[in-house]
Amino acid sequence: MIKKIVFGLALLAGVNFITSCSSCSSSKVDELDEIPDSVANAPLQLSENVVNDMIQNISSPVEMANSIKNSGAGFSEKVLNPADNMKNYNSSFKRALNLGVYSADLGYINTFNKSSVVVQYLLAVKELADGINVGQFLDFQTLKRLATNSTNLDSLKQLSVTSFNKMDRYLREQKRANTSTAIIAGAWIEGVHITCDVVEQTSDADLTNRLAEQKEIVKILLVVLDNFAKADKNFQALCEKIHAVNDAYDNVRITYEFGEPVTKEVDGMLVIEQNEIPHYEFTPDKETVIKDIISKVRDARQFVVE
C-alpha cells in the first residue's frame with residue numbers, strides 16, 4: 001500500500017496552500033504544450049485509478065510542515081526558491097515544474113503563518129499558471145486575502161483544493177497530462193528538498209523516516225515520467241535526475257507490520273482501517289544513506305529551479 005508523500009504535492013489534490021536539461025537554455029527547451037501527439041496520447045503504464053492514487057499520495061504538505069515545526073526547526077526563507085526566479089522560466093515545461101515548486105513553498109510558508117512573504121509567492125504562482133493557460137482556475141484576490149490572514153487558513157486550504165482539482169481536471173480533459181505530471185514532479189521535488197534541509201539540520205527521527213518513505217513514491221512517479229520521456233527531451237533530462245534519486249533509495253528497505261485497526265468517521269460513516277507500522281533498514285548505515293539521498297535530491301532540485 002502506497003504511503004503518503006513526505007511533503008509533496010501542494011496542488012493537484014493538495015491539502016495546504018494552492019495547498020530540462022541543465023545545459024539547455026530556456027530558448028532551446030521544447031514547449032510543453034506543443035508536445036508531439038505520440039507523447040501526449042501515449043498510454044500511461046499505470047491505470048487511471050493508479051495515477052489518481054499517486055496524486056493523492058503526493059499530497060500532505062500540512063502534515064509534513066507540522067512535523068517540521070514539531071522537530072523544533074524554525075522557518076527558513078533561504079530554503080525556498082526565490083519568488084523573483086519566476087521571471088527566468090520561459091518555457092511551458094519550466095513553468096509547470098516551478099508552478100509545483102512554488103505551490104509547495106506556499107504550503108510551507110502558510111503553515112508557518114509568514115504573511116510577510118506570502119504575497120510575492122502568490123504572484124509567482126499566478127504568473128506561472130497564466131503562462132501555461134490555467135490561471136483562470138485561481139481566484140487570486142480571494143487567495144491573497146485569505147493567505148494574509150492566519151485566521152482564514154482553513155478557508156484557504158479548501159479554496160486551494162477546489163482550484164487545483166479544477167485545474168487538474170481541465171489539463172486531463174485537454175490531453176495535457178504531461179503538464180499535470182510536470183507540476184506534480186516539481187512539487188514533489190521541492191517538498192522533499194525542504195524536508196532534506198530540516199533533516200540535515202535536526203536529524204529528527206520522524207522526518208528522517210518520512211524522507212525514507214519517499215522510496216515508494218519516487219518509483220511510481222518515475223513510471224509516469226518515463227512514459228513521457230520516451231519522446232520528449234525535457235522529460236528525459238528530468239528523469240535522469242529522478243532516477244539518480246531513486247538509485248539512492250535502493251539502500252533503503254521498508255517492511256510493514258500490522259498494528260491495531262483504526263476506526264474513524266468518513267462522510268458520516270464509521271470506517272475501519274488497518275494500521276500498518278513501517279520499519280526502515282539502511283545499508284550500510286542510516287547516516288550514509290540519508291546523506292546520499294539528500295545530495296541527489298539537491299541535484300534534482302537545482303536542475304528544476306535553475
Has [X] got a side-chain atom pairing as donor or acceptor with [Y]'s backbone, closer than 3.5 angstrom?
X	Y	value
H193	V79	yes
K215	Y249	yes
Y89	A96	no
S295	K291	no
N98	V101	no
D204	V198	no
K114	S76	no

Would you kindly say whether Q201 and D197 are connected by a side-chain donor-acceptor distance under 3.5 Å?
yes
Modelled atom types, side-chain donor and acceptor of E213 and Y280, under 3.5 Å
yes
Would you say the side chain of [Y] lies within less than 4.5 Å of the side chain of [X], judging by non-hydrogen atoms?
X	Y	value
V297	T195	no
I189	I242	yes
V304	N81	no

Considering residues, nucleotides and ligands other than E287, do more than 12 of their heavy atoms fall under 6.0 Å from its CD?
no
Should the heavy atoms of other residues, nucleotides or ligands under 6.0 Å from CD of E260 be counted, would the total exceed 12?
no
Parallel, tilted or perpendicular: ring planes of F93 versus F235, cut at 30 and 60 degrees
perpendicular
For the [atom1] atom of [X] and the [atom2] atom of [Y], what is their distance to the nearest 0.5 Å?
X	Y	atom1	atom2	result
L97	T179	CG	OG1	10.0 Å
D285	I290	CG	CD1	10.0 Å
T288	I293	OG1	CD1	11.0 Å
K241	R301	NZ	CZ	14.0 Å
D130	K126	CG	NZ	3.5 Å
D105	I109	CG	CD1	6.0 Å

L80/F75 under side-chain contact (heavy atoms from CB on, under 4.5 Å): CA gap, chis, key distance, verdict
CA-CA 10 Å; L80 306 175; F75 176 80; 4.1 Å; yes
Show, in sequence, the C-alpha distance, side-chain angles and deciding distance for D250 and T283, and conclude whether the side-chain contact (heavy atoms from CB on, under 4.5 Å) test is met.
CA-CA 9 Å; D250 284 345; T283 304; over 6 Å; no
